[in-house]
Amino acid sequence: MDTLKPDPKVYVLKRSSADTPIRPLSRDYAQELNPQQLAAVEVVNGPSLVIAGAGSGKTRVLVYRVARLIDMGVDPSSILLLTFTRKAAQEMLGRVGMLIGPQSDRVMGGTFHSVANILLRRFGRTIGLEPGFTILDRGDSEDLVGLVRGQIGLVETNKRFPRKRTIVDMFSKCSNTLQPLDNVLLNEYSHFGDFLDNLTKLQEGYNSTKRQRQLVDYDDLLLRLRELLIADESARRMISETYRYILVDEYQDTNRLQAEVVRNLAATHDNVMVVGDDSQSIYAFRGATFRNIMEFPTLFPGTQIFKLEENYRSTQSVLGLANAVIEGATEKYSKTLFTNKEGGERPALVQAMGENPQSRFVAQKILELREEGVPLSDMAVLFRSSFHAFDLEVELTKRDVPFIKRGGFKFIETAHVKDLLAHLRVIHNPLDSVSWNRLLLLIEGVGPKKAKDLVAQLVATDTPSAVLREGSGRSAFGLRNLAAALDAVGHADDGSPPDQINQVLEYYFPILKDQYDDYPKRIRDLEHLQGMAERYHSLEEFLADLTLEPPDESVLDVDAPDRDDERLVLSTIHSAKGLEWRSVFVIWLVDGRFPSSYSFTSDEELEEERRLLYVAVTRAKQHLYLTFPVNVYDKATGSILSKPSRFLDDVSTDLVDAWSVVDEGEPYHWG
DNA sequence: ATAGTGGTAGTTTTT
DNA sequence: CTACCACTAT
C-alpha cells in the first residue's frame, strides 16, 4: 500500500458482494428470528448496538449475523468475534458452523486479551515488543512489584505501606480506566494518599522493568495493543483492513481501555456490532462501567440501536422474580423482560438453620431432581464468592455427586505449577527476571540477595548456564544442578513441550518432595499439566494459553475422571455469565455474604451486587432455589449473620414460596 | 546472607 | 485460615 499524501479525500468503494447477495441466501433468516433479532442480524455495514435482556437471544443474534455475513460472501477470516472467554467464542462458532458449514473455522474469535496476544506477537516489534514476550499473571505481577519495591528501597514509615495485592489492583485500575495514579489513589484509595510519591516511583520501576525484560501483564496486552494501533499507522491499517467486521459480546463488561481498542481496530471501517445488557454489568472492579454501553453511540456516530426484550429462557415465575430484583436498582434503563412461557413453578426461598443444613438441603434436592429426570449437567449451584461453596463441596463428595467447580482458586496458581512454569519460561524468554527469581529461590542456600545478584547477571548474558556454574559456596551444588537441567532442555524450539516438561520435572521433583508434605498430589498435578502440553507444538503457545485461558477447573477436580456431561456445576456468578441451566440454586443469600459486607461502603458497589443477583437468577430456565442459612457466625465482621439478603426485601411474597429446612425429628420454627 | 519461627493483619469477583 | 512481615539463630 503506498503512503498517501496528508488528508486525501477518501472515496469509499462499497463491497457489492456484501450489500447484495450474489446468490440466494442459504436459509430464510426471517423464519428463524423474531423481528427485532432479524433487524440486528441484517445489519451489514456501520456501527450497531444491541441492548439485549437476559435470555433474549443475544448469542443467537451474534451467531446468525456471522452466518449471514458469510452467507453473503464475506470472507470468514475478515470477521473478528470478541467474547468473554475463548470457550464462548468456540461455542458460537460451532453454532455458526451448524448453520453454514465449516467455513466458520476461519473466523477469528477469542477474548480481548487473547486477540491482543496474537496481534502483538505479530506486529509488536515496532513498539519494542519481541514476539517471544512473556505474559505475567496476577501472581507474577505481585512478585515483580515485590522485587521492584526491594530495589528502590522504600523508606520505612510508621504507617503501613499497601500490600502487593493492593498495589497491583491500583496499577491495574489505572490501566483499565486510563487514569493516572494520583486520580485513582484519590478516588478509591484515599487512605493510602500519603504514599503517592513512593507508589509513583514503584509504578515507574514496575513499568520500566517490564519493558526491559519483555514482560507483559494482563493490562499491558490491551494497553500495548492500543499503543501499537495508535503509534504504527501501517499496522493499524493492516489490522483494521483484515478484520472488517467486528462483533463484541458482553459489551457492558468492557472498560474504557477496551472501548478504545475497539475504536482503533475499527479505524478504517466502523463495522462494529456490540451486544450487551446494562443490567448485567458485574465487572466494575475491573474498571468496567455500564455507562460504556451508553457511550458507544458517541464513540461511533451513526450507531443503529436495537433492543431485544423477549426472554426465551425462563418461565414467567422465574422472570417475575428477576424483574422484581432489578426493579430496585437506582439506575436502570427502560427494558422489561417478558416471556411467552406462562406459569412455571414459583422460585423457592429456603431458610436453613446454618451452613451445613443449607448444604444438605442443596445436595438432597439435587438428588431428588435427578430422580425426576433433570440431568446433573443441567443443574448449577451459584454463589457470590468461591469459598461459599466449601461446605457444599464436602457434602457432595460424601454423597458421591460428581461436580465441577468453576471460578475461584485456579490450578494454575498453585505454587508447584508456578514453579514448573517458571523453568519453562526462562527457557523461552531468558530475560524473564520474575521467573528467574522464582526458580532461584527454590535452591538451597539462595535467598533474596543472592537471587537478585544472579538475576542481574543472567539477564545480561547469552549463556545463562555458564553463569550458574560459576557459583561457589553453599548454593554451588544447587546452581550447577539447575544449569545441567536447563542445558538438558536446550532451546525453546528443541523438542516438544511434553518432552521439555519431562526434563524439567526430573530436576524439579526432588525439590518438590523436599518442600511439600503432600507431594504425591502435586506430582499428579504436574503430570496432568504435562498431558495438557501434548496438544501444543511450541512452548510459546502453551505458556501463553495457560495464562490467558487457564483451565477453568479448580485444583480439586483435576483428577476427577467423570465425563463432563454428567457433572453438576458449582460456579461463582461471575463465571456463570452467559450460561443457563434448567435448575439453579443460589446459595448464601444472607446480608453480609450477598451482598458482601465489603460492598456496604458504597452505593455503587451495592448496586453491582444487585445486578449480580439479577445475573444469577436469570440463569434459571425452570427451577430456582434461593437459600439462606441463619445464625451463622461470620469471622470477617465478628457478627452473627441472620438477615436474608436486602435485595429480597422488595420482592413481594407472592413471587416466591417460602420453605424452611428442618432436620428429621426436629421441631419447626421460622426466624 | 539465609532459613526457620512466631505474630498479625486482611479476607470477592477475572483476563 | 493464610500470606506476609519482623525477628532470631545459624
Side-chain angles (χ1 to χ4, degrees), chain A residues 82-88 110-117 135-143 145-146 149-150 156 160-169 172 175-176 216-223 250 253-255 257-258 281-288 382-390 406-410 412-413 415 440-454 473-475 478 514-515 544-550 552 571-577 588 592-600 605 608-609 611-613 615-616 634-638:
Chain A
L82 292 165
T83 56
F84 226 66
T85 63
R86 190 171 44 196
K87 210 164 137 205
T111 60
F112 276 91
H113 293 86
S114 65
V115 168
N117 172 49
I135 305 168
L136 302 178
D137 71 14
R138 217 211 136 81
D140 300 324
S141 297
E142 286 169 19
D143 290 349
V145 163
R149 183 172 56 185
E156 293 294 319
R160 242 190 126 64
F161 200 68
R163 321 175 103 211
K164 287 188 283 195
R165 241 193 119 108
T166 317
I167 297 172
V168 172
D169 278 344
S172 179
S175 306
N176 283 299
V216 166
D217 66 22
Y218 285 129
D219 303 325
D220 289 332
L221 284 168
L222 305 178
L223 275 176
E250 311 278 11
D253 286 323
T254 58
N255 54 41
L257 175 54
Q258 288 165 316
S281 168
I282 53 176
Y283 278 87
F285 66 90
R286 207 163 79 181
L382 308 182
F383 31 85
R384 172 67 184 87
S385 319
S386 185
F387 73 92
H388 293 171
F390 288 168
R406 314 185 58 208
F409 201 69
K410 304 253 168 43
I412 200 78
E413 289 160 5
L440 288 173
L441 287 174
L442 293 169
I443 293 171
E444 274 296 314
V446 180
K449 177 69 171 71
K450 187 142 222 164
K452 180 177 162 259
D453 294 344
L454 278 167
R474 212 142 69 80
S475 56
D514 201 50
Q515 206 130 97
D545 264 21
L546 273 184
T547 19
L548 290 176
E549 304 269 345
D552 56 14
S571 175
T572 58
I573 298 168
H574 285 90
S575 297
K577 158 185 269 301
W588 275 114
R593 286 287 172 97
F594 193 179
S596 150
S597 49
Y598 305 115
S599 67
F600 290 173
E605 283 176 63
E608 174 141 323
E609 301 272 315
R611 292 192 295 269
L612 207 49
L613 178 59
V615 171
D634 182 43
K635 280 165 275 174
T637 53

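Below, chain A is the first sequence line, B the second, and so on; all start at residue 1. Nothing here was measured: the structure is a model prediction, and the numbers come from that model.
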Closer than 4.0 Å, any side-chain N/O of [X] to the OP1 or OP2 of [N]?
{"X": "A/Thr85", "N": "B/dT15", "answer": "no"}
{"X": "A/Thr572", "N": "B/dT14", "answer": "yes"}
{"X": "A/Arg165", "N": "C/dT2", "answer": "no"}

Nucleotide N/O to protein N/O under 3.5 Å, stretch nucleotides 3-7 of chain B:
residue, atom, partner, partner atom, Å
B/dA3, OP1, A/Gly445, N, 2.7
B/dA3, OP2, A/Val446, O, 3.3

Given Watson-Crick and G-U pairs under 3.5 Å, DNA chain B in dot-bracket ([ ] crossing, | other strand) is ||||||||||.....
inquiry  = Can you check the distance between C/dC4 and B/dT13, where both ends of the measurement are the P atom (answer in whole Å)?
reply    = 16 Å
**Asked** What nucleic acid atoms does A/Ser386 come within less than 4.0 Å of, heavy atoms only: base, sugar-phosphate, or nothing?
**Response** sugar-phosphate
Name the nucleic acid region contacted by A/Arg138, choosing base, sugar-phosphate or nothing; use a 4.0 angstrom heavy-atom cut-off, strictly under.
base
Margin query: Is A/Phe285 stacked against the base of B/dT13, taking the criterion as centroid distance under 5.5 angstrom and interplanar angle under 30°?
Written below: yes
Requested in this report: Mark yes or no for a side-chain to base donor-acceptor pair under 3.5 Å between A/Arg286 and B/dT13, with no hydrogen or angle criteria applied.
Outcome: no
Kindly point out which of [options] is positioned nearest to the side chain of [X]?
{"X": "A/Lys449", "options": "B/dT12, B/dA1, C/dC5", "result": "B/dA1"}
{"X": "A/His113", "options": "B/dT15, B/dT12, C/dC4", "result": "B/dT15"}
{"X": "A/Thr111", "options": "B/dT12, B/dT15, C/dC5", "result": "B/dT15"}

Practice item. Check whether any side-chain heavy atom of A/His113 sits under 4.5 Å from a side-chain heavy atom of A/Leu222, and report yes or no. Key: yes
Under a 3.5 Å threshold, yes or no: a donor from one side chain and an acceptor from the other, between A/Thr572 and A/Ser575? yes
**Report entry** Centroid-centroid distance, A/Tyr598 to A/Phe285, less than 6.0 Å
**Finding:** no
With A/Arg138 as partner, the option from A/Asp217, A/Asp169, A/Thr547 fulfilling side chain to side chain donor-acceptor pair (under 3.5 Å) is A/Asp169
